[in-house]
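First the proteins, then the strands, lettered A, B, ... as listed; each starts at 1.
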Protein chains: 2
Amino acid sequence: MDAVQDEAAGKRARGLDRAFEILDFLRQKRQALKPNEIAAQIGAPRSSVYELVNLLLSNGILEFTGGEGRVYLGRKLYFLGAAYENHFDFTRECEAALEQLADETRETAQFCMLDGNKYTVVRMREGARPFRISTDIGQSVPIPWTASGRLLVAHLSDQDILNFIPPQDFRLPGGEWLEPQTFIAEVRQAEREGLFTFNSIVDSFTHCFAVPVRVEEGHAAATLCLVTPRDDGIANRGRYLDCLKKAAAGLEHAPARPRRG
Amino acid sequence: MDAVQDEAAGKRARGLDRAFEILDFLRQKRQALKPNEIAAQIGAPRSSVYELVNLLLSNGILEFTGGEGRVYLGRKLYFLGAAYENHFDFTRECEAALEQLADETRETAQFCMLDGNKYTVVRMREGARPFRISTDIGQSVPIPWTASGRLLVAHLSDQDILNFIPPQDFRLPGGEWLEPQTFIAEVRQAEREGLFTFNSIVDSFTHCFAVPVRVEEGHAAATLCLVTPRDDGIANRGRYLDCLKKAAAGLEHAPARPRRG
DNA sequence: ATCATATGTACAATATAGCGGACAAAAACA
DNA sequence: TGTTTTTGTCCGCTATATTGTACATATGAT
């Protein structure tokens with residue numbers, strides 16, 4: 001429920017937490033690293049990291065790759081992730097929805113979810129424009145920086161939102177401070193309207209459209225987004241939103257469902 | 001390196017190992033389970049399992065699903081697995097190879113790897129026959145039961161093979177005992193010939209073809225397989241093997257390579 | 001050559017994680 | 001109704017996992 005980890009300083013960390021901290025760090029870096037580098041960059045004791053890395057290696061959770069004793073995420077994680085994907089079988093419908101969006105709008109279409117208390121792009125279909133707009137799949141981005149973020153936390157109470165999002169994430173990439181109350185007001189607006197659009201605050205040339213993909217309980221488990229050049233986005237606003245809503249409706253008809261093994 | 005886990009009885013298990021034992025168990029079961037059920041079925045102390053499950057839940061490694069407090073693999077694992085897949089980008093080429101095999105042979109084609117000390121089908125393309133032959137993706141199968149198994153351990157010494165494969169895995173599904181020395185002889189034969197084929201020992205009506213997908217170091221990191229009805233397989237043996245070798249060669253030209261993030 | 005840094009290993013101290021067992025509520029069953 | 005099984009929580013004991021420190025080697029800078 002909550003995302004505590006380094007509650008207080010000076011305490012011993014639990015092996016499990018450290019282990020997943022290492023895995024998350026490698027995912028974020030997206031490259032193989034030496035145990036030493038990992039220890040230094042996540043601020044963990046070297047001896048602990050060496051011990052954990054060796055444990056994870058022997059379990060297939062990590063693998064040697066890139067030489068020089070560097071390690072990266074291992075095959076076992078792929079298998080576990082595939083099992084998740086197979087259970088909550090959103091992949092097929094998701095690709096179809098992105099395909100449809102790309103066809104209809106020629107813009108970059110994304111399927112986004114929360115990863116813990118961050119936002120992340122799970123799948124993407126690049127647009128057909130000469131200058132394509134794209135982002136990195138799987139990178140963790142502060143929730144307040146994104147249009148989708150407004151929708152993905154809309155099921156929480158105001159207080160829960162503030163508890164959920166790390167305070168420093170309200171500091172925007174340009175350095176400006178986004179007042180949490182302003183953000184919450186936008187969340188409530190997005191909730192009422194069932195959509196959120198704005199000129200991206202991560203860059204200066206894109207406009208973002210986001211609509212929720214709702215599950216039975218009614219909250220947004222994911223979002224479908226379009227990322228467009230500002231002028232195109234504003235010119236085609238109505239049509240793009242219609243496309244998004246249609247695609248999202250298609251996804252909701254075939255919601256994440258268990259599948260026989 | 002080694003696959004020790006429950007080396008001796010009466011010892012305390014390490015949290016990390018227990019945790020991944022739980023994850024693997026859920027993957028194998030392919031369904032959400034209550035912590036209590038998990039504890040009972042993997043033979044772990046209930047209090048430990050409850051503690052670990054709660055930890056994993058709070059990390060997003062496990063998720064509540066299926067009601068009644070049942071848990072299954074979580075979204076975080078999907079993200080980590082996707083990062084692995086993105087780094088070792090075999091997916092695209094792999095799908096292409098399977099597509100090609102399915103087109104050329106109309107038989108069920110599989111891409112297989114080791115998962116720890118078991119064999120597993122990573123990706124599959126079902127054949128175009130009226131009665132399709134298929135297996136479950138991601139299920140762990142004893143290495144000696146499969147044609148691919150002969151190739152996947154061929155880089156090990158005889159002794160390492162015996163250390164690597166759990167002794168009980170030489171007990172075939174029908175109950176017969178496969179003499180390890182016989183298995184090793186078949187491994188060496190497969191290594192020399194660069195292929196292995198046999199009438200499946202898992203069922204009574206299929207013939208299996210396997211060829212290695214080699215990486216730089218020269219050992220088989222994976223295999224490509226065809227699973228065919230026995231008569232068809234024997235009738236088309238030469239052609240099928242040619243198709244497999246061609247597809248494997250295509251995969252090796254684009255070996256698992258890191259990709260810029 | 002000397003010094004500094006990066007990398008991996010070894011080990012002992014102690015905070016604590018894993019475990020067994022007690023307890024209780026709920027569900028299943030008779 | 002009473003009885004048994006299932007499920008989840010709580011708590012104290014102690015084996016041990018985490019950690020700081022020291023050591024060893026390789027690499028690079030001056």
Side-chain angles (χ1 to χ4, degrees), chain A residues 1-26 29 31-72 74, chain B residues 1-26 29 31-72 74:
Chain A
M1 198 59 54
D2 48 0
V4 294
Q5 39 211 49
D6 28 65
E7 188 61 64
K11 301 265 292 180
R12 275 196 193 181
R14 188 180 276 241
L16 243 189
D17 291 330
R18 276 266 201 256
F20 284 109
E21 195 181 349
I22 292 172
L23 298 183
D24 264 338
F25 182 69
L26 287 172
K29 283 295 186 181
Q31 60 174 316
L33 256 32
K34 297 182 195 179
N36 223 14
E37 300 173 313
I38 297 174
Q41 298 187 48
I42 70 176
R46 289 192 321 130
S47 47
S48 303
V49 172
Y50 272 100
E51 166 109 14
L52 287 171
V53 164
N54 284 328
L55 265 178
L56 295 170
L57 281 169
S58 73
N59 276 332
I61 310 296
L62 289 180
E63 284 176 13
F64 281 118
T65 177
E68 313 263 317
R70 273 181 274 261
V71 298
Y72 193 65
Chain B
M1 199 60 52
D2 48 1
V4 295
Q5 39 211 50
D6 28 65
E7 188 62 63
K11 301 267 294 182
R12 276 196 193 180
R14 189 180 275 241
L16 245 188
D17 291 330
R18 238 357 151 209
F20 284 109
E21 194 181 349
I22 292 172
L23 298 183
D24 264 339
F25 182 69
L26 287 172
K29 283 294 187 181
Q31 60 174 316
L33 255 32
K34 298 180 193 178
N36 223 15
E37 300 173 312
I38 298 173
Q41 298 186 48
I42 69 176
R46 290 192 317 130
S47 48
S48 302
V49 172
Y50 273 100
E51 165 114 16
L52 287 171
V53 164
N54 284 328
L55 264 178
L56 295 170
L57 281 169
S58 73
N59 277 333
I61 309 296
L62 289 179
E63 284 176 14
F64 281 118
T65 177
E68 314 262 319
R70 273 180 274 260
V71 297
Y72 193 64

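The separation between A:Glu51 atom CD and C:dC11 atom C1' is 12 Å, rounded to whole Å. Summarising the geometry, the separation between CD on B:Glu21 and C1' on C:dG18 is reported as 14 Å, rounded to the nearest angstrom. In this structure, B:Arg70 places its CZ atom 13 Å from C1' of D:dT6, rounding to the nearest Å. Rounded to an integer number of Å, the gap from CG of B:Leu16 to C1' of D:dT16 is 14 Å. Rounding to whole angstrom units, CD of residue A:Glu68 and C1' of C:dT7 are separated by 11 Å. Counting to the nearest Å, the C1' atom of D:dT18 and the CD1 atom of A:Ile42 are 13 Å from each other. Between B:Leu33 atom CG and D:dT6 atom P there is a gap of 14 Å when expressed in whole angstrom units. Atom CG of B:Leu52 and atom P of C:dG18 are 6 Å apart (whole Å).
Within the 4.5 Å cutoff, the side chain of A:Leu23 has heavy atoms near those of the A:Leu62 side chain. Side-chain contact check for A:Glu51 versus A:Pro45: every heavy-atom pair is 4.5 Å or farther apart. In this structure, the side chains of A:Val71 and A:Leu56 stay at 4.5 Å or more apart for every pair of heavy atoms.
Of the residues near DNA chain C, A:Arg14 and A:Pro35, the one whose nearest nucleotide (by heavy atom distance) lies more toward the 5' end is A:Pro35. Residue A:Glu37 is the one, among B:Arg18 and A:Glu37, whose nearest nucleotide of DNA chain C lies closer to the 5' end (criterion: closest heavy atom).
Distances shorter than 4.0 Å separate none of the side-chain N or O atoms of B:Ser47 from OP1 or OP2 on C:dG20. For B:Arg46 and C:dG18, the shortest distance from a side-chain N or O to OP1 or OP2 is not below 4.0 Å.
Side chain of A:Arg12, nearest nucleotide from D:dA22, C:dC19, C:dA15: C:dA15. Distances from the side chain of B:Lys34 to the nucleotides D:dT19, C:dT9, D:dG8 place D:dG8 closest.
No engagement by A:Ala40 is indicated, since no non-hydrogen atom pair under 4.0 Å with the nucleic acid exists.
To the nearest 0.5 angstrom, A:Gln41 atom CD is 10.5 Å from A:Asn36 atom CG.
In terms of heavy atoms, B:Arg18 sits closest to B:Leu52 at CB-CD1, 3.4 Å.
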